[in-house]
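See structure below.
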Protein chains: 2
Amino acid sequence: MSTIKEIAQKAGVSPTTVANVLHGNLGKVSPATCKKVQTFIENEKYVPNMGAMILAHSNSRIIGVIMFMEPRSEETVLEDPFSSAMLGAMEREIRENGYFVMLHTTSDEDEVVRLSKAWKLDGLLLVWVPGEICRVISANIDTPLVYIDCYFTDNERVYHNIGLQDRRGGYEIARYLLSMGHTDIVFLANNQLVTGGDPVRFIGCQEAFGEQGQTLGAERYKPLPNNRGKREILYRQLAEDTSQCTALVFSADYYAAEAVSYLKECGIEIPGKISITGFDDNIFSRLVQPRLTTVHQDTGEKGRLAVAMLMKLIRKEPLQEINIQLPIRLAIRDSVQRLN
Amino acid sequence: MSTIKEIAQKAGVSPTTVANVLHGNLGKVSPATCKKVQTFIENEKYVPNMGAMILAHSNSRIIGVIMFMEPRSEETVLEDPFSSAMLGAMEREIRENGYFVMLHTTSDEDEVVRLSKAWKLDGLLLVWVPGEICRVISANIDTPLVYIDCYFTDNERVYHNIGLQDRRGGYEIARYLLSMGHTDIVFLANNQLVTGGDPVRFIGCQEAFGEQGQTLGAERYKPLPNNRGKREILYRQLAEDTSQCTALVFSADYYAAEAVSYLKECGIEIPGKISITGFDDNIFSRLVQPRLTTVHQDTGEKGRLAVAMLMKLIRKEPLQEINIQLPIRLAIRDSVQRLN
DNA sequence: CTGTTAGCGCATTCAA
DNA sequence: TTGAATGCGCTAACAG
C-alpha cells in the first residue's frame with residue numbers, strides 16, 4: 001500500500017531517487033543509496049499503482065485478448081475447448097513477457113475500440129474477427145494489433161495475422177477423400193460467417209475436385225446450426241441418404257466427434273455407412289472410435305507466434321513476416337472408408 | 001481521445017457539469033444543458049480514462065480471474081478443456097455486470113496479492129487454490145474474494161466458496177460400483193495436491209465401502225502423473241493386472257476418456273476387461289465408446305454462481321450462503337461391467 | 001548524483 | 001444549477 005513518496009520519506013531521499021532505483025537506472029544513483037532504498041522498498045512491500053502509470057504515460061502493460069463471438073451464439077466461444085488451448089498458450093506468453101491479460105468476448109467493433117482506448121491497451125490479440133470488422137478496428141486503433149485466423153476484405157492497410165494453411169488443408173483432405181473413392185461429399189462449416197477459414201477450406205476442396213475432373217458445387221457447403229439438437233437432425237439426414245453423399249467433411253474435430261458419437265448411438269456405422277473427417281487434430285480426434293482422419297494444426301503454437309509478433313510490434317523490432325500461415329498436415333486414421 | 005475537460009470547453013460548460021451528465025446525476029443539471037452536453041459527448045466519442053479512474057477513487061472495475069497452477073505443470077490449466085466452460089461462463093457474467101476480466105495463471109500467492117493491489121482489483125475469482133495459499137491470500141487482500149473448488153485448512157477467517165458435493169460424488173460412484181460387484185477399485189486423482197476435491201471424493205468412496213463392510217485403503221489413492229506417457233504406462237499396468245482391481249475410478253472425465261481410448265488401442269476391452277468411471281460429465285464422457293458412467297456437475301453454473309456471489313460482496317448486498325455446494329448426480333452409462 | 005515540480009484525467013468537495 | 005480547486009501516484013524535465 002505504500003507509495004514512492006512514502007518510501008522516499010522513510011529512506012530520507014527524494015521520490016525521483018526511489019523511482020530510479022525501481023527502474024534500474026543505476027547510473028543515476030550511488031550504490032550506497034541504491035542499497036538503502038532497496039531495503040526500504042522490500043520492507044514496505046512496494047506495489048506500483050498501475051492507474052497512476054496509465055495516467056502518467058498512457059500505457060498500461062495490458063494486452064487485450066478479444067475473442068470474437070457470433071451475435072446470436074448461445075454459448076460463448078470460450079466454452080469451445082478448441083479455443084482453450086490457444087488461450088492457454090497466449091496467457092502464458094503474455095505473462096512471461098511481463099504484461100497483463102484483459103480477456104473480452106464481443107461481437108461489436110466499437111466495444112473493442114472503446115476497450116482499447118479506455119485502458120490504453122499496449123496491444124491487442126484478436127481472434128476470429130470477420131474481415132469488415134477488422135477494417136473498422138484497424139482504422140480506429142493505433143496500438144499494435146495481431147489478428148488470429150482472420151481473413152481480410154480490403155488492402156487499405158497492413159494487417160498482421162497468424163493464420164493457417166486453410167486452403168491447403170481443404171485441398172489435402174479432399175484429395176485424400178477422392179483417392180478413397182469419395183466423389184459426393186458435404187462440407188460442414190463451423191458457423192454462418194461468409195468470410196473466414198471455412199470458405200477458404202472449401203475452396204481448397206473445390207480445387208482438389210477440379211484437378212480430378214470432378215465438381216463440388218456451392219450447395220455442398222453447409223453451415224452448422226448453433227443449436228445442438230438441430231445439428232443432430234442434420235447429421236442424421238445426411239447419413240441416412242447416402243445417395244447424396246458418402247462423406248461428411250467437418251471444419252472442426254469437435255463437431256466431427258459430436259457427429260460420430262451421435263450417429264453411432266443411432267446405430268449408424270462409421271465409416272461403414274458414411275465416412276467422416278475432422279479438422280484441427282485435437283484431443284477429440286483421438287477420443288472417438290473410429291479415430292478421426294483429420295487435418296493437423298498446432299493451436300498452441302498459433303497462440304505463441306501471435307504473442308511473439310505482438311511483442312515485436314510493441315517493441316518496434318523488425319518483423320520478418322506480416323502474415324504467417326502455419327503449416328497443416330493430414331492425419332490419416334480410421335474414419336474414412338475406401339469405396340470400390 | 002477527448003477528455004471531460006475538452007468536452008466541457010467545447011460545450012461551454014464546466015468539467016463538473018459534464019461529469020454529472022456522464023454519471024446520470026440528472027438532479028444536478030438542467031435538462032437543457034444536459035441535452036447539449038450529451039450531444040457533445042457523443043460527437044466527440046468520449047471514452048473514460050480508466051487509469052484516471054483508478055487513481056481518483058481506487059477501484060478499477062476489474063475482476064481478477066486467477067487460475068491456480070501446479071508449479072511443475074507443463075501445460076497451463078487453461079489448456080484443460082474442462083476449465084474453459086467455467087471461464088466462458090465467468091467472462092460472460094462479469095462482462096454483463098459491467099466489469100472487466102483480468103486473467104492470470106499462477107502458483108504464487110504473492111503474485112496474486114501484488115496483482116490485486118497494483119490494479120486495485122474490485123474483486124477476485126480464485127480457482128483450484130490449495131488451502132494454505134487461500135489463507136495467505138485472504139489474509140493479505142481486503143477486496144471481495146470468491147474461491148471456486150477450494151478446500152480450506154483453517155477457520156481463522158470466512159471463506160466464500162463455490163464448490164461441489166465432492167464427498168457425495170465419491171460416495172455415489174463407489175456405491176454404484178459396489179452394487180455392480182466391484183470391491184477392488186483404484187482411485188486416480190487429478191493431481192498431487194494433498195488437499196482439494198480429489199481427497200474428499202476418495203473419502204466419499206471409503207464411506208460407501210465402509211457401509212458395505214468393505215475397506216478401501218489409502219494405498220488405493222493414486223495421483224496421476226503430469227506427463228501423458230507416464231499416465232499411459234500406469235493405465236496399462238492397472239488394466240493388465242485385474243487381480244489387483246476391477247475398476248478404475250477417475251476424478252475427471254478427461255483422464256477417464258484418455259484411458260479408455262488408450263486401453264482400447266492396446267486391445268484391452270472396456271468394460272469387459274476392466275471398468276472405468278469418470279467425474280464431471282462433460283463432452284468427453286459422451287464422446288468415447290463406451291460412454292462413461294460418471295458423476296454429473298454443472299460447470300457453467302459454477303462460474304455463474306461464483307460471479308453472482310462476488311457481485312453481491314462488491315455491492316455489499318446480503319448473502320444467503322457463504323459456501324455453496326453444487327449438487328451432483330450419477331450419470332450411468334456403459335463403462336462399468338456387472339461382475340457376478 | 002539528488003531534489004523539485006508540473007501535469008496526466010477524473011471525482012469530489014466547497015463556493016458561488 | 002454551475003464552476004473552481006484539490007488530490008490520487010507516478011513520470012520526466014529541469015534545477016541544483
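Chain identifiers are assigned alphabetically (A, B, ...) following the order of the sequence lines, protein sequences preceding nucleic acid strands; residue numbering begins at 1 within each chain. Just so it is clear, the model here is predicted, and its values are computed rather than measured.
Taking atom NZ of residue B:K5 and atom C1' of nucleotide D:dT6, one finds them 12 Å apart after rounding to whole Å.
Without hydrogens or angle criteria, B:E91 side chain to A:T105 main chain gives a donor-acceptor distance under 3.5 Å. Checking side-chain atoms of A:R61 against main-chain N and O of A:G98 turns up a donor-acceptor pair under 3.5 Å.
Between D:dC10, C:dA11, D:dT2, one nucleotide has an atom nearer to the side chain of A:Y46 than all others, and that is D:dC10. Residue B:S30 has its side chain nearest to D:dT1 when only D:dT11, C:dG9, D:dT1 are considered. Checking D:dC8, D:dG9, C:dT4 against the side-chain heavy atoms of A:S14 singles out C:dT4 as nearest.
By the salt bridge (Lys or Arg N to Asp or Glu O under 4.0 Å) test, A:E132 pairs with no residue at all, sequence neighbours left out.
B:P15 comes within 4.0 angstrom of no nucleic acid atom, judged by non-hydrogen atoms across all strands.
By the 4.5 Å heavy-atom criterion applied to side chains, B:L305 and B:L326 are counted as neighbours. You'll find the side chain of B:C150 stays beyond 4.5 Å of the side chain of B:Y159, heavy atoms only. Looking at A:I63 and A:V101, their side chains never come closer than 4.5 Å, going by heavy atoms from C-beta outward.
DNA chain D is contacted by both B:T33 and A:G51; B:T33 maps to the nucleotide lying nearer its 5′ end (nearest heavy atom per residue). If you find the closest nucleotide of DNA chain D to B:H57 and to A:A56, the one lying nearer the 5' end belongs to B:H57.
When the local axes at the two ends of the helix from C:dC1-D:dG16 to C:dA16-D:dT1 are compared, using 5 base pairs at each end, they differ in direction by 50° after rounding to 10°.
For the segment residues 16-23 of chain A, residues with any heavy atom less than 4.0 angstrom from an atom of DNA chain C are, sorted by number, A:T16, A:T17.
Atom CD1 of A:I62 is separated from atom CD1 of A:I94 by 11.0 Å, given to the nearest 0.5 angstrom.
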